[in-house]
Asker: 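After the structure tokens below, expect a handful of questions from me.
Every number for a ligand or one of its atoms is a count from 1 in the order of the listing.
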Amino acid sequence: MATTAEDVIRAQAERPDQIALTIDGQEVLCDRGDTVLEAAQRVGIHIPTLCYEPRLPATGACRICLVEVEGARKMAPSCSTAVAEGMVVRTQTDKVRAMRHLYLELLLSDHNSFCTPPCRDACPTHIKIPQFLDYIAHKDYKNGVRKLREDLPFPSVVGRVCPRPCEGPCRRQLVEHPITICWLHRFMGDQCIDEEQTGDLLLPVEPKADTGRRIAIVGGGPAGLAAAFYARLEGHSVKIFEALPKPGGMLRYGIPSYRLPRDLLDKELNMLWRLGVELQVNTRLGADFQLEELFDQGFDAVFLALGAFNSNEMNIPDEGADGVVTAVDFLGELEITGSVHVGEKVTVIGGGFTAMDACRTSMRKGAKEVTCLYRRSRKEMPAHHTEVDEAEEEGVKLELLVAPVRVMTDDANTVTGIEVQRMELGEPDASGRRRPVPVEGSEFVVECDQVIAAIGQYPKLDGTSEEQGVKRTKWRTIQVDDWTFQADDPRVFAGGDVVLGAQTVIQAVAQGKKAAWSMDAYLRGVDMPDVSRQLAELKASPFLAALTNKTDLDPRISRLAEIPPVFVDMTTDVAHPSPPAEMPKSEPEDRKTNFKQIEQGFPEEEAVRGAGLCLDCYCPANGKCDLQRYSIEYDVFKNRFHGGAAHDYPADFRHDFIMREPNRCINCGRCVRVCRMEVGSSCYDNMGRGFDTIVSTADNLPLQVVGCVSCGKCAETCPTGSIETNPRLLASYDLDESRCMFCGECVEVCPYDALEQADFFELAGYSRTTMARESLYVREPSPVDPLRETVTDLIPHVRDGVLGDGWVWEPIQDDPIDLGGGNGDGKGLRRD
Ligand code: FAD
């Protein structure tokens with residue numbers, strides 16, 4: 001039944017009358033000479049296509065458009081099969097779907113490129129990891145910091161303390177080990193921090209003009225500080241009220257200085273004060289001022305970022321004895337007063353970072369013996385494994401699978417030890433970790449003269465009440481809307497540990513950022529319940545639909561969205577395996593007696609090498625790539641054909657305007673044919689043989705020397721992200737009338753009809769401003785100044801549009817994985 005392209009063209013030329021056929025049980029009337037695909041499109045029946053280019057004769061090469069035709073021995077490619085009277089076509093049978101699945105697997109088996117980075121998804125604040133690593137690889141640290149600050153204001157600080165949720169899913173481990181992402185942004189921040197004290201601030205965008213609106217932030221920890229940063233960028237005036245003598249929250253009063261040097265913290269926060277954020281310290285909500293007073297003073301919104309300063313009780317007898325302290329009080333006292341009492345034999349209870357910090361601080365302050373008791377096994381310890389390892393190296397003893405039963409005291413009610421009971425692991429609990437179950441009769445005593453409890457914290461909510469519109473949850477946290485961070489009183493917002501319970505710095509930053517954007521929306525008079533509803537709907541929508549629907553929202557709202565991505569299984573092949581960048585540390589014997597920073601920082605070459613290992617699991621066509629869309633539609637999440645050697649081609653950024661990434665090419669040939677038949681340039685062809693065939697230029701020469709007219713039609717037709725247009729400055733071209741002979745050649749060759757011959761044989765220019773309004777996805781090849789104001793590309797992407805009422809592809813207007821960030825108004829510079 002299949003015909004050649006020439007047959008189709010010939011048949012199309014005839015078109016004497018109409019014929020009838022049945023597609024998926026539906027009677028379809030179409031012209032003789034139409035293809036099955038065209039007939040299906042007429043009535044809105046969607047058949048997937050990859051190599052099909054509506055403007056050119058079909059080739060049937062990709063086989064994705066296969067359909068079953070009754071009576072035919074084999075399936076037929078619908079793009080190149082002409083309709084026949086009485087034909088019965090089925091487009092969605094199990095057999096058809098299985099064949100499409102198979103062909104997609106084959107295509108993806110040598111598609112050495114990923115759509116969306118799992119690292120970025122795992123990061124609570126969704127930092128743009130491949131992009132900032134790219135800046136490091138180019139030694140452009142300032143613009144790297146600017147890029148990172150779209151989502152995380154404190155690269156140096158967070159690079160020292162983050163538990164690195166991004167590194168776990170890093171795809172580099174498919175080759176060898178994850179990239180040391182967190183240390184790399186620490187390095188990048190450190191390169192710029194001194195210069196930023198007095199030099200230019202490295203901001204992701206220029207702060208907006210003053211709005212005249214005032215935001216009060218109560219609590220100067222990571223949540224409050226991040227909120228201050230992003231609210232200032234929106235043009236609001238911001239004042240932080242902090243109870244303690246200095247800002248930083250648990251960054252200063254919890255995390256010890258051997259992990260986070262205080263001079264570095266002060267330097268990185270200096271950026272906020274230089275940005276115009278006001279700070280009032282030693283001022284406690286509930287004691288020194290009340291919530292209502294803030295509104296009386298003219299603040300328009302309040303962000304409560306109070307942290308979690310109450311320690312959980314152990315609920316065992318005699319926990320009030322002398323010598324029992326909480327880790328938060330212990331560490332806080334050392335920071336505030338410069339000294340703290342430490343016993344000779346210290347027992348710390350807990351397995352998180354607070355417990356590790358209490359253990360290691362006790363060692364450094366002179367304890368002779370430090371034992372850490374934890375009720376589960378080492379694998380379940382919430383602290384990062386490196387901290388546990390380092391604590392052990394410094395001499396801390398771990399006693400695992402034990403829980404405290406009671407504190408032992410002498411006659412003066414002073415601690416002499418702690419009775420503990422052995423545990424074994426039972427079934428997993430709500431946290432997914434196996435529940436510790438007591439072993440009867442296994443009690444024993446650990447002798448000590450100090451017990452430090454580090455078994456979690458909850459917020460101290462002084463100065464807030466339900467009557468003030470600040471409701472509590474059953475976890476003793478503040479109840480807020482999931483999307484807008486608004487409390488019951490719509491003027492009050494909250495985020496960080498006070499909402500999440502004791503969590504991590506990066507989660508607090510993520511909430512601070514989102515809360516700032518939400519307060520901005522509120523101050524602009526946006527309907528907040530509607531925002532909440534829209535964002536919840538987006539999260540509940542299928543991935544690709546959510547990406548498309550997101551573009552309908554105001555970018556200043558859609559940046560609050562959380563869209564869970566779908567990861568398609570693809571091949572990774574790296575020709576030159578290389579270990580991740582490792583940061584030198586001081587030796588345990590040297591470090592356990594002092595509070596000097598342990599991790600020494602990267603030498604530049606090591607950081608650049610480590611950043612260069614990124615597989616760049618990021619495709620600018622994410623959300624608009626047909627291969628991705630069909631892979632999701634046909635459930636290609638496990639690929640039988642992986643494991644072989646995939647090609648690993650270098651990306652080609654040699655052309656100013658067109659970027660080629662051959663690893664994403666599926667050899668569909670659309671660019672080859674469009675360039676040859678539509679443009680007349682013949683820049684591309686299939687090069688190589690067999691498995692090594694790839695679309696390229698002759699001898700892989702740069703496009704500009706093989707006759708490219710920079711029309712971008714190849715990028716326009718590419719169904720994956722293999723050919724993309726790069727951002728470029730809009731130029732206006734002057735016509736030198738002293739040299740123009742009005743030959744009209746330029747009119748003839750312009751593939752976009754941007755010029756026309758007007759009356760009296762003169763050349764008339766097309767309005768570039770009008771053209772630039774069309775959306776286009778762009779990616780920069782190498783770092784450029786992100787503060788540069790540019791409007792970049794001109795060419796609208798329109799791929800295999802389906803006629804009729806069926807599925808119609810809409811171009812996406814923004815970074816499809818841009819869960820936030822951007823320059824706010826969705827226009828102007830696109831940098832990803
Ligand atoms: P906080 O950092 O607690 O800041 C709250 C701020 O509000 C404080 O400055 C406080 O003084 C102020 N405040 C409170 N009440 C009032 C009031 N009534 N009026 C005015 N101001 C008020 N996370 C990590 O990611 N990595 C780590 O390595 C790590 N280590 C930790 C070690 C320790 C010892 C502790 C305790 C926590 C650690 N964490 C770590 C957790 C992390 O520090 C917190 O999750 C994070 O700081 C929460 O940020 P936040 O802004 O919500 O609250």
Side-chain angles (χ1 to χ4, degrees), residues 123-125 154 157-165 182 216-228 239-260 265 269 279-291 294 302-312 326-332 334-336 348 350 352-361 382-384 386-387 390 452 454-464 470 477-478 494-513 515:
C123 170
T125 194
F154 316 116
V157 165
V158 177
R160 282 167 168 79
V161 301
C162 191
R164 314 170 203 173
C182 198
I217 293 179
V218 187
L225 297 165
K239 182 165 181 179
I240 298 176
F241 295 88
E242 167 55 50
L244 291 169
K246 289 186 174 176
M250 287 302 184
L251 293 172
R252 189 186 299 275
Y253 296 102
I255 296 173
S257 54
Y258 58 84
R259 291 209 283 134
L260 180 55
L265 175 62
L269 297 189
L279 171 68
Q280 185 170 329
V281 293
N282 295 316
T283 312
R284 182 174 289 277
L285 173 67
D288 302 311
F289 68 99
Q290 304 302 326
L291 198 50
L294 293 174
V302 173
F303 180 54
L304 298 175
L306 308 174
F309 269 74
N310 281 329
S311 297
N312 287 338
T326 67
V328 168
D329 288 346
F330 174 78
L331 295 164
L334 175 62
E335 184 63 29
I336 293 172
V348 176
F353 358 72
T354 311
M356 289 304 117
D357 289 342
C359 289
R360 299 173 74 185
T361 298
H384 196 271
T386 54
E387 278 187 73
E390 285 173 8
I452 304 181
I455 53 167
Q457 298 105 248
Y458 63 95
K460 196 178 262 183
L461 296 176
D462 302 354
T464 69
V470 184
T477 54
I478 293 181
D497 278 3
V498 78
V499 165
L500 296 166
Q503 291 294 329
T504 61
V505 172
I506 194 73
Q507 285 167 284
V509 166
Q511 292 222 325
K513 175 184 82 171

Asker: Look at ligand 1 and say whether V158 reaches it with a heavy atom at a distance under 4.0 Å.
Answerer: no

Asker: Can a donor-acceptor pair be found, under 3.5 Å and without considering hydrogens, that links the side chain of Q511 to the backbone of G496?
Answerer: yes

Asker: Under 4.0 Å from a heavy atom of L331: give me the atoms of ligand 1 that qualify, with their elements.
Answerer: 34 (C)

Asker: Check if G220 has a non-hydrogen atom at a distance under 4.0 Å from any atom of ligand 1.
Answerer: yes

Asker: Please identify which atoms of ligand 1 are closer than 4.0 Å to at least one heavy atom of Q457.
Answerer: 36 (C)

Asker: Measuring from atom 25 (O) of ligand 1, which candidate in D462, V509, V505, T361 has the nearest non-hydrogen atom?
Answerer: V505

Asker: I want to confirm something. Looking only at heavy atoms, which of A502, G219, S311 is nearest to atom 7 (O) of ligand 1?
Answerer: G219

Asker: Tell me which one of G249, P222, G456, G224 gets a heavy atom nearest to atom 49 (O) of ligand 1.
Answerer: P222

Asker: In the protein, what heavy atom is nearest to atom 17 (C) of ligand 1, and what distance, to one decimal place, separates them?
Answerer: L285 N, 3.6 Å

Asker: With the threshold set at under 4.0 angstrom, would you say P163 reaches ligand 1 through any of its heavy atoms?
Answerer: yes

Asker: Consider only side-chain N and O atoms of D357 and T354, and report whether a donor and an acceptor are under 3.5 Å apart.
Answerer: no

Asker: Can you confirm, on distance only, whether ligand 1 has an N/O atom lying under 3.5 Å from any N/O atom belonging to R259?
Answerer: yes

Asker: What atoms of ligand 1 come within less than 4.0 Å of a heavy atom belonging to G496?
Answerer: 52 (O)

Asker: With a cut-off of 4.0 Å, which atoms of ligand 1 are near a heavy atom of A305?
Answerer: 5 (C), 6 (C), 7 (O)

Asker: Just to check, does K460 reach to within less than 4.0 Å of ligand 1 when the distance is taken from its heavy atoms?
Answerer: no

Asker: Which atoms from ligand 1 have a heavy atom of D497 less than 4.0 Å away?
Answerer: 44 (C), 45 (O), 46 (C), 48 (C), 52 (O)

Asker: Should R252 be listed as contacting ligand 1, given a heavy-atom distance under 4.0 Å as the test?
Answerer: no

Asker: Can you list every salt bridge (charged side-chain N to carboxylate O under 4.0 Å, His left out) pair that touches residues 246-255, not counting sequence neighbours?
Answerer: R252-D266

Asker: Which one of L461, T464, V498 satisfies the side-chain contact (heavy atoms from CB on, under 4.5 Å) criterion with V470?
Answerer: T464

Asker: Give the single entry among E242, Q511, R160 that approaches atom 12 (C) of ligand 1 most closely by any heavy atom.
Answerer: E242

Asker: Only heavy atoms of G254, strictly under 4.0 Å: list the atoms of ligand 1 that pass.
Answerer: 34 (C)

Asker: Enumerate the atoms of ligand 1 whose separation from the nearest heavy atom of G307 is less than 4.0 angstrom.
Answerer: 1 (P), 3 (O), 5 (C), 52 (O), 53 (O)

Asker: Check ligand 1 against V218 and write out every atom of the ligand that is under 4.0 Å from a heavy-atom position of the residue.
Answerer: 19 (N), 20 (C)

Asker: Closest by any non-hydrogen atom to atom 40 (C) of ligand 1: pick that one out of F289, F309, Y253, F353.
Answerer: F353

Asker: I want to know if ligand 1 touches C162 in the polar sense, i.e. an N/O pair below 3.5 angstrom.
Answerer: no

